[in-house]
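Below is one structure, written out as structure tokens; the observations come after it.
First listed ligand is number 1; within each ligand, the first listed atom is number 1.
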Amino acid sequence: MDIHEYQAKELLKRFGVQVPRGGIAYSPEQAVYRASELSGDKWVVKAQIHSGARGKAGGVRICANEKEIAEAAQWMLGRVLVTHQTGPQGKLVSRLYVEEATKIAQEIYLAFVMDRKEERVVVVASGQGGMEIEEISANEPESIIRSVVDPAVGMQAFQAREIAFSLGLDAALIPQAVKTITGCYRMMEDTDANMVEINPLVVTQSGEIMALDAKVSFDDNALFRRPEIMEMRDKSQEDTRETFASDRGLNYIGLDGQIGCIVNGAGLAMATLDMIKMAGGEPANFLDVGGGASPERVLMSFQAVLNDPDVEAILVNIFAGINRCDWIAEGVIRAVRELDLKLPIVVRLSGTNVEEGRKLIAESGLPILTAETLAEAAEKAVVAWKAATLKEAV
Ligand code: GDP
Ligand code: MN
């Protein structure tokens, strides 16, 4: 789960990381009022969307007076901002963050990410902040510092000092940098975050270290024990297909193809995506219905898959161990009837109660295609999808 910049800064502040003073605004008038509550002679108006690279898209404006603040706010609010991280559909701006502007002396890149190969948190830092990390690694690869954190002891002061010195920071700034680096790590650990990116972390002209931007994501599987983090969720920023599914406990990830998939088990779901591709099709989603799926759950899975307007055929692939093929079949039949499905559906059932399941489908009299193996199911789904789209074209 992602959160907004202002929420991330609020959390970081609690862990001793310095951030500029700021306030949230939902209207131009409120933005002006927020600025009046802050000191300074310049303010930054920032669109709050779940994306970085807002600056280049016009979502970050430095303003020198009330008029400029109101204009920036007017321009941003209600706008669908397209950055090179949002995809072409963009993200709607419905809140702004207004901050005291900071006078920057140096920009630093600082991130904490899960490295799957190391199976540890790795700190990635560079003295060349301000650019995206992809640009830094393309333009200034030798400036990038990597430091692996030992989970048993966490981020130690000596390790943070080493990172700070490698960034070329002045000796006078080292204590503040250590506080910032250890603070970020503690925040990550204490909130089950799996990514913290501060870009830029700046040295101000008055010699302070401050996080000017903050991007944090959390481990979805740990949210149950972080109610305070869960409350920061902003569904309006998420893929609506994924929100629908996750609200119902379905493990769903939206993809770009046309063949919707309903599968049990993450591994089998991945294999199903591969088989569809090998058969010449493109999967529309990953969906793991899980074990012991009731007919209602199967019906819900169909709804989740059909929320994607690109879906033109559906493949159900169940290898039932804990699941029961007859329940799955019942769910499929209910989905076809209750949702009045017209698009081609291929069902492959195997395992527990498979005979009962197949019988239910055969006796339903519905035009549901069946297959014995995964390869056959993928083939049939792709053929049926192509036939259906051809028919539509004619
Ligand atoms: P992003 O584009 O979504 O990553 O948004 P950022 O919060 O990183 O802002 C983009 C850029 O605007 C930063 O890299 C800074 O260079 C600049 N910026 C943001 N806040 C300030 C500020 O208070 N003072 C100055 N001088 N520049 C700022
Ligand atoms: Mn940034």
Cation-pi between R226 and F224: NZ/CZ under 6.0 Å from ring centre and within 45° of the ring axis?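 No, a cation-pi geometry is absent between R226 and F224.
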Is R61 positioned over the aromatic face of W75, cation under 6.0 angstrom from the ring centre and no more than 45 degrees off axis?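 Yes; both conditions hold, so R61 lies above the ring face of W75.
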For C325, run the side chain to side chain contact (heavy atoms under 4.5 Å, CB included) check against T352, L349, L360 and tell me which one passes.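 With C325 as partner, T352, L349, L360 yield a single side chain to side chain contact (heavy atoms under 4.5 Å, CB included), made by L349.
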Donor-acceptor side-chain pairing of T102 and T204 below 3.5 angstrom: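 No, because no side-chain N or O of T102 sits under 3.5 Å from a partner of the opposite role on T204.
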Under a plain distance cut-off of 3.5 Å, with no hydrogens placed, do E5 and Q48 share a side-chain donor-acceptor pair?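 Short answer, yes.
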Determine whether L287 and S301 make a side-chain contact, defined as any pair of heavy atoms from C-beta on separated by less than 4.5 Å.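 A side-chain contact exists here, since the closest heavy-atom pair is under 4.5 Å.
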Write out the protein residues near ligand 1, meaning a non-hydrogen atom under 4.0 Å from one of its atoms, in order of chain and number.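 Answer by chain and number: V44, K46, G52, A53, R54, G55, V60, I62, A101, T102, I104, E107, N199, P200, L212, D213.
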Please determine if the Mn ion (ligand 2) has an N/O/S atom from D213 lying under 2.8 Å away.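 Looking at D213, which is the residue asked about, there is an N, O or S atom under 2.8 Å from the Mn ion (ligand 2).
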